[in-house]
Amino acid sequence: MAPLPSRRSALLTIGGTIIALARPARAEPRSHAVLIDKMKFGPMPSEVRVGDSISWINRDPVRHTATARDKSFDVDLPASTEGRCTVTRAGAVDIICRFHPGMTAKLAVLP
């Protein structure tokens, strides 16, 4: 007959199980799209979370970038192409086009 676990050991096991069950489930990463057209970034998606990806779609006949000022991503977008990045940091992210500094946007990223 196997020895019974100590009371402390049993409580730690139960406590660990409760904590694991109480944590909210992490949603699967989602994919979002931002259209670049007429020398402007389109509306930024809402509910972007760390780990989500963003497709940047350049509809202009000129090259653009989707560059985070905090250097967390920099997507090069030749004319009429699409590029993708994964968001790695939470918070407000200022975005610019390196070729056209007047093109700016702000992306809110949730943890």
Side-chain angles (χ1 to χ4, degrees):
M1 182 176 207
L4 293 174
S6 70
R7 182 175 180 196
R8 183 173 194 266
S9 175
L11 288 175
L12 288 174
T13 301
I14 292 169
T17 302
I18 291 170
I19 289 170
L21 293 174
R23 289 185 188 139
R26 172 77 174 131
E28 290 295 316
R30 293 175 35 195
S31 183
H32 307 273
V34 175
L35 184 64
I36 300 170
D37 193 23
K38 298 182 179 102
M39 303 296 287
K40 294 180 183 175
F41 289 104
M44 292 295 112
S46 61
E47 300 295 318
V48 175
R49 295 190 173 277
V50 171
D52 287 358
S53 63
I54 299 176
S55 292
W56 303 90
I57 304 161
N58 181 5
R59 292 272 170 91
D60 282 338
V62 297
R63 185 180 209 145
H64 292 299
T65 68
T67 303
R69 283 194 190 266
D70 67 5
K71 302 189 185 330
S72 59
F73 59 83
D74 185 16
V75 182
D76 186 35
L77 299 159
S80 303
T81 63
E82 181 176 332
R84 188 176 201 87
C85 69
T86 300
V87 181
T88 59
R89 297 182 189 171
V93 181
D94 291 317
I95 298 165
I96 63 165
C97 172
R98 286 186 284 114
F99 302 121
H100 309 100
M103 287 179 58
T104 63
K106 188 174 289 269
L107 177 67
V109 180
L110 303 169

Distance-only donor-acceptor pairs under 3.5 Å for side chains of residues 93-110, two or more places apart:
residue, atom, partner, partner atom, Å
Asp94, OD1, Lys106, NZ, 2.7
Arg98, NE, Asp74, OD1, 3.2
Arg98, NE, Asp74, OD2, 3.2
Arg98, NH2, Asp74, OD2, 3.4
His100, ND1, His64, ND1, 3.1

Handout entry: Backbone N/O of Asp60 and side chain of Asn58: donor-acceptor pair under 3.5 Å
Key = yes

Fill in the blank from the handout: The reported gap from CZ in Arg63 to CG in Asp76 (rounded to nearest 0.5 angstrom) is 4.0 Å

What side-chain donor-acceptor pairs closer than 3.5 Å can you find for residues 85-92, not counting sequence neighbours?
residue, atom, partner, partner atom, Å
Arg89, NH1, Asp70, O, 3.1

List the atom pairs, with distances to 0.1 Å, where a side-chain N or O of residues 29-46 and a protein N or O form a donor-acceptor pair under 3.5 Å, not counting sequence neighbours.
residue, atom, partner, partner atom, Å
Ser31, OG, Arg84, NH2, 2.7
His32, NE2, Asp52, OD2, 2.9

